[in-house]
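Computed over heavy atoms, backbone and side chain alike; hydrogens, waters and symmetry mates excluded. Here the structure is a predicted model, which is why all the values come from computation and not from measurement.
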Amino acid sequence: QLQLVESGGGLVQPGGSLRLSCTVSGFTLDDYVIGWFRQAPGKEREGISCITSSGRWTNYADSVKGRFTISRDNAKNTVYLQMNSLKPEDTAVYYCAAVGRGLFSLCLLSKNYDYWGQGTQVTVSS
């Protein structure tokens, strides 16, 4: 079985920080590209960041560039999303996803992913 589990969400004030974790099982993490996505109430799912199997290449949506950082620790089977300078508009359910083969330039498109986690809620509010 191939599974991804997100954790680390919660309630933070504007300007605060959170670190999300995506832990995988059932496959070797270093064989997969991992992406982070989010879906806010009433909005479509948005790709926000992705990382290659080696961790050498990363990509970010314009809405989070300069504030969020993606990283991975293959030995721990975990990918992280460090979120700084959080804004109320960052409020959403955040998902991680995995794909074993694909064009990295398209890694912010949800349709390219095969495996998904259950999501973790991030709420930014004063």
Side-chain angles (χ1 to χ4, degrees):
Q1 54 186 18
L2 306 177
Q3 294 184 329
L4 302 91
V5 178
E6 303 93 337
S7 62
L11 174 64
V12 297
Q13 295 182 349
S17 298
L18 284 174
R19 189 180 74 164
L20 305 184
S21 298
C22 174
T23 300
V24 305
S25 63
F27 59 93
T28 302
L29 180 60
D30 59 9
D31 290 336
Y32 288 81
V33 170
I34 303 295
W36 282 99
F37 298 81
R38 67 186 182 188
Q39 188 162 19
K43 296 185 177 181
E44 297 296 320
R45 186 165 49 188
E46 176 190 15
I48 56 174
S49 189
C50 46
I51 188 167
T52 59
S53 59
S54 68
R56 295 177 181 177
W57 294 90
T58 59
N59 197 16
Y60 299 91
D62 289 342
S63 59
V64 306
K65 191 174 298 182
R67 299 188 298 121
F68 291 10
T69 303
I70 191 171
S71 62
R72 65 192 297 161
D73 185 341
N74 289 350
K76 296 184 180 296
N77 295 109
T78 300
V79 174
Y80 303 98
L81 185 68
Q82 179 67 46
M83 306 186 296
N84 298 327
S85 302
L86 284 162
K87 306 174 181 179
E89 51 263 44
D90 294 318
T91 296
V93 177
Y94 283 71
Y95 301 88
C96 63
V99 62
R101 177 183 290 271
L103 186 62
F104 185 71
S105 63
L106 303 178
C107 69
L108 294 180
L109 300 179
S110 62
K111 66 180 181 181
N112 293 325
Y113 288 82
D114 298 319
Y115 308 104
W116 291 83
Q118 84 290 344
T120 186
Q121 176 70 47
V122 172
T123 302
V124 184
S125 177
S126 60

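Scored by the side-chain hydrogen bond (donor to acceptor under 3.5 Å, both in side chains) test, T23 finds T78 as partners (sequence neighbours excluded). Applying the side-chain hydrogen bond (donor to acceptor under 3.5 Å, both in side chains) test to Y95 and every residue at least two apart in sequence or in another chain returns nothing. By the side-chain hydrogen bond (donor to acceptor under 3.5 Å, both in side chains) test, E89 pairs with no residue at all, sequence neighbours left out. Residues that satisfy the ring-ring contact (aromatic ring centres under 6.0 Å, His included) test with F37, not counting sequence neighbours, are Y113, W116. Annotation: side-chain hydrogen bond (donor to acceptor under 3.5 Å, both in side chains) contacts of T123 (sequence neighbours excluded): Q121.
The heavy-atom pair separating T120 from G8 by the smallest distance is OG1-N, 4.3 Å. Looking at every heavy atom in both residues, I34 comes nearest to A98 through CD1-CB, 3.5 Å. Between V99 and N112, the closest heavy-atom pair is CG2-O, 3.1 Å.
By the 4.5 Å heavy-atom criterion applied to side chains, V5 and S7 are not counted as neighbours. S125 places none of its side-chain heavy atoms less than 4.5 Å from the side chain of P88. Proximity of L108 to N59: side-chain heavy atoms (C-beta onward) are separated by under 4.5 Å at one or more points.
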For side-chain hydrogen bond (donor to acceptor under 3.5 Å, both in side chains), just list the numbers for E46 and S63, CA-CA rounded to whole Å, side-chain angles, deciding distance to a tenth of an Å, and then say yes or no. CA-CA 10 Å; E46 176 190 15; S63 59; 2.9 Å; yes
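No donor-acceptor distance shorter than 3.5 angstrom exists from the side chain of R45 to the backbone of R38, with no hydrogens or angles considered. Under the 3.5 Å distance criterion, the side-chain polar atoms of R72 are matched with a main-chain donor or acceptor of T52.
For residues 12-21, the set of pairs meeting the side chain to side chain donor-acceptor pair (under 3.5 Å) definition, not counting sequence neighbours, comprises S17-N84.
Interatomic distance, Y80 OH to D73 CG, rounded to the nearest 0.5 Å: 5.0 Å.
Between D90 and K87, none of the side-chain N atoms (NZ, or NE/NH1/NH2) sits under 4.0 Å from a carboxylate O, so this pair counts as no salt bridge.
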